[in-house]
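Every chain is numbered from 1 and lettered A, B, ... according to where its sequence line falls, protein lines coming before strand lines.
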Amino acid sequence: MRLKRTHKCGELNKSHSGQSVVVSGWVNNWRDHGGLFFIDLRDRYGKVQIVFSPEDENLYQVAKKLRTEYVVAVAGKVSPRPAEALNKELATGEIEVLAEEIEILNPSKTTPFEIKDYIDVSEDVRLKYRYLDLRRPRLQQTMLLRHQIAQATREFFNGEGFVEIETPILTKSTPEGARDFLVPSRLQGGKFYALPQSPQTYKQILMVAGFDRYYQIVKCFRDEDLRKDRQPEFTQIDVEMSFVDEEDVLGTMEKFMKQLFQKVLGIELVTPFPRMTYQEAMDRFGSDKPDTRFGLELNEIGDIFKSTDFKVFKNVLAENGYIGALVVPEAAGYSRKQIDDLTAWTRSVGGSGLAHLKFANGALEGGISKFLSENESRELIGRLQLSGEALILVVADPRRELAQTILGFLRNKLAETLQLIDAGKHQLHWTVDFPLLEYSEEEKRYVARHHPFTSPKLEDMHLLDSAPEQVRARAYDLIYNGNEISGGSIRIHRRDLQEQVFRSLKIGAEEAEAKFGFLLEALEFGAPPHGGIAFGFDRLVMLLAGTNSIRDVITFPKTASAVGLMEQTPSRVDEKQLRELYINVIKE
RNA sequence: GGGAUCGUAGUUCAGUUGGUUAGAACGCCGGCCUGUCACGCCGGAGGUCGCGAGUUCGAGUCUCGUCGGUCCCGCCA
């Protein structure tokens with residue numbers, strides 16, 4: 001490298017006029033005018049136009065060979081552009097660099113796609129050539145934003161007296177929760193480490209150690225199926241505090257969000273954020289992470305049909321089930337086919353069916369309207385406060401939460417297709433009072449809804465044995481526009497209570513000792529009351545960046561089948577490596 | 001584990017009822033052009049229609065399987 005950079009491409013402006021500079025970067029574009037040759041040189045700070053004129057014959061001939069994505073350094077003089085050649089679209093559009101010397105640092109093959117934001121490329125090609133996609137301005141900006149959010153996070157927590165402490169990546173496999181990624185041990189043949197699903201137990205032990213306020217921006221790993229907002233490895237802002245209750249944790253996080261939104265989006269959030277119990281969220285929105293930017297709330301209508309002759313409703317109610325309705329004025333004109341499609345979709349997400357009727361001219365018509373008695377119709381019109389025209393969608397199922405969830409799915413889908421969502425809104429709220437436990441049909445036992453270290457509400461303790469599903473947890477989720485961006489709880493800090501919860505989870509004393517003995521023991525050595533929370537960092541960046549997929553904010557993401565297309569991971573390994581690890585691969 | 005959808009030139013796509021030599025735009029290559037800036041003009045190259053079977057006189061098009069991308073349900077303490 002002969003020519004050493006003196007300035008960034010994007011920083012040059014009129015004030016540099018007359019200066020001799022060296023700029024380095026990639027050829028974004030070239031324009032050959034026969035007598036004049038232009039290139040736009042790009043680095044991560046921006047673009048600047050370089051002019052080559054035939055006056056220097058040697059230089060001109062070299063320049064004419066330049067092609068897109070060649071890496072070059074150019075020495076030249078910054079010069080104001082002729083008045084008729086200003087470019088208002090370009091930050092550096094008032095000047096250009098008159099080239100005096102060029103060094104081609106590296107040529108480039110023709111890239112599989114152009115390094116320009118407006119070029120549309122399928123995601124598999126982008127992922128295979130991730131370094132080229134990352135070279136485009138949009139992803140560069142996203143990664144810079146991610147960096148800024150990380151810095152703002154550190155700044156906030158440092159300022160609040162939190163200590164950033166690292167925890168192990170080689171940890172212990174635990175029975176509860178997500179599937180672990182396992183790492184075989186060579187020195188302890190036949191045994192395995194697990195990658196952390198979160199640093200949960202470590203951060204609690206840091207509280208026992210007296211660190212009082214801990215945070216960490218940390219990688220976590222979960223071997224579960226992927227989604228557009230779920231990757232097998234992801235980043236959390238992990239937080240834990242001692243001598244606190246819910247108010248301290250929520251208040252601190254509200255302050256954090258307020259500062260972050262102010263800094264990143266220039267938006268003033270109003271605190272405290274509204275709180276909604278899990279029960280209310282399910283009843284009103286059919287989701288524990290409702291998008292409250294629009295209405296379209298659920299209406300429970302089961303009681304209207306106490307003595308109905310309509311078999312479907314009658315059977316559901318006989319099983320103490322749930323009947324709920326959505327009133328959708330915007331879909332009043334839906335055709336038979338549109339409703340059929342909606343019904344099919346409802347089945348595809350696990351619903352048993354979808355009933356409908358329409359309200360028009362002051363009366364119910366179509367769909368199931370003919371099965372309703374006059375009384376039922378009148379009561380329904382009153383309950384749903386019908387006026388004007390509307391499509392009414394009804395879900396009935398013996399399983400209350402499932403029925404509500406299906407309606408919640410419908411609510412979100414309709415809001416999207418009918419464009420009921422105001423994209424300018426920023427709605428944050430807490431969902432609180434989650435059930436501590438839920439029954440797992442698969443495992444035939446209660447499992448922790450959050451995690452097994454979550455403290456039950458003291459006033460519900462007496463139900464732990466008699467009605468476990470009614471016990472509420474001291475847990476909270478932070479919801480932003482229908483996305484769960486954070487969740488946490490006040491933890492159990494006494495061994496006896498922890499053992500009692502383990503018993504409810506049917507984790508025997510022996511198993512508890514083997515899996516969590518270290519934590520149980522730690523709780524006996526003066527564990528302070530503590531609680532915490534963890535943010536999905538990637539999700540947070542995704543939402544603040546206004547993108548639709550977590551893959552857009554992760555530097556090297558995996559595909560939906562957890563494959564790295566660029567480096568081709570996962571891959572097979574040598575027999576020798578396997579032997580050292582005492583591993584025998586089962587051949588298909 | 002289940003469902004939906006997509007796969008045609010380097011890229012994004014079109015391709016009729018199954019019928020001649022599979023097209024367009026951008027990119028690429030060559031030529032021309034002294035003020036362009038997603039330059040312009042002229043010319044050119046470029047195809048395992050994801051892969052494999054099947055139906056058919058004939059398959060990019062229909063059927064089955066398979067691989068891959070994306071989305072959803074389950075799963076994700």
Mark this stacking check for His33(A) against rC39(B) as yes or no, applying ring centres under 5.5 Å and ring planes under 30°. yes
Looking at rU36(B) and Phe38(A): do their rings stack (centroid distance under 5.5 Å, interplanar angle under 30°)?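 Stacked: ring centres under 5.5 Å, planes under 30°.
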Test for a donor-acceptor pair under 3.5 Å between the base of [N] and the side chain of [X], counting only N and O atoms.
X	N	answer
Arg67(A)	rC29(B)	no
Arg347(A)	rC73(B)	no
Glu114(A)	rU11(B)	no
Arg222(A)	rC76(B)	no

Could you identify the nucleotide paired to [N], looking across every strand shown and requiring Watson-Crick or G-U wobble geometry with both distances under 3.5 Å?
N	value
rU56(B)	none
rC33(B)	none
rU5(B)	rG69(B)

Protein-nucleotide distance ([X], atom [atom1]; [N], atom [atom2]), rounded to Å:
X	N	atom1	atom2	answer
Asp124(A)	rU12(B)	CG	C1'	13 Å
Ile39(A)	rG35(B)	CD1	C1'	16 Å
Lys47(A)	rU36(B)	NZ	C1'	13 Å
Gln568(A)	rC67(B)	CD	C1'	13 Å

Please tell me whether Phe221(A) and Phe234(A) form a close aromatic pair, meaning their ring centres lie under 6.0 Å apart.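 For Phe221(A) and Phe234(A), the ring centres are not under 6.0 Å apart.
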Examine Tyr476(A) together with Phe434(A) and report whether their ring centres are nearer than 6.0 Å.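 Between Tyr476(A) and Phe434(A), the centre distance exceeds or equals 6.0 Å.
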Could you identify which residues of residues 399-412 of chain A place a heavy atom less than 4.0 Å from some atom of RNA chain B, listed by residue number, or say none? Phe409(A)
Sole candidate of Gln204(A), His493(A), Lys203(A) that passes side chain to side chain donor-acceptor pair (under 3.5 Å) when paired with His530(A):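 One option only clears the test, and that one is Gln204(A).
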With RNA chain B as reference, determine whether Glu176(A) or Leu565(A) sits nearer its 5' end, using the nearest nucleotide of each. Leu565(A)
Of the nucleotides rU11(B), rU36(B), rC75(B), which one has an atom closest to the side chain of Glu224(A)? rC75(B)
Just jot down the ring-ring contact (aromatic ring centres under 6.0 Å, His included) partners of Tyr446(A), sequence neighbours excluded, or say none.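 Only Tyr439(A) meet the ring-ring contact (aromatic ring centres under 6.0 Å, His included) criterion with Tyr446(A).
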I'd like to know if Asp460(A) and Arg472(A) make a salt bridge, using a cut-off of under 4.0 Å between side-chain N and carboxylate O.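 Yes, this pair counts.
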Does Arg42(A) have any side chain to side chain donor-acceptor pair (under 3.5 Å) partners at least two apart in sequence or in another chain, and if so, which?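 If we apply the side chain to side chain donor-acceptor pair (under 3.5 Å) test to Arg42(A), skipping adjacent residues, the hits are Asn28(A), Glu69(A).
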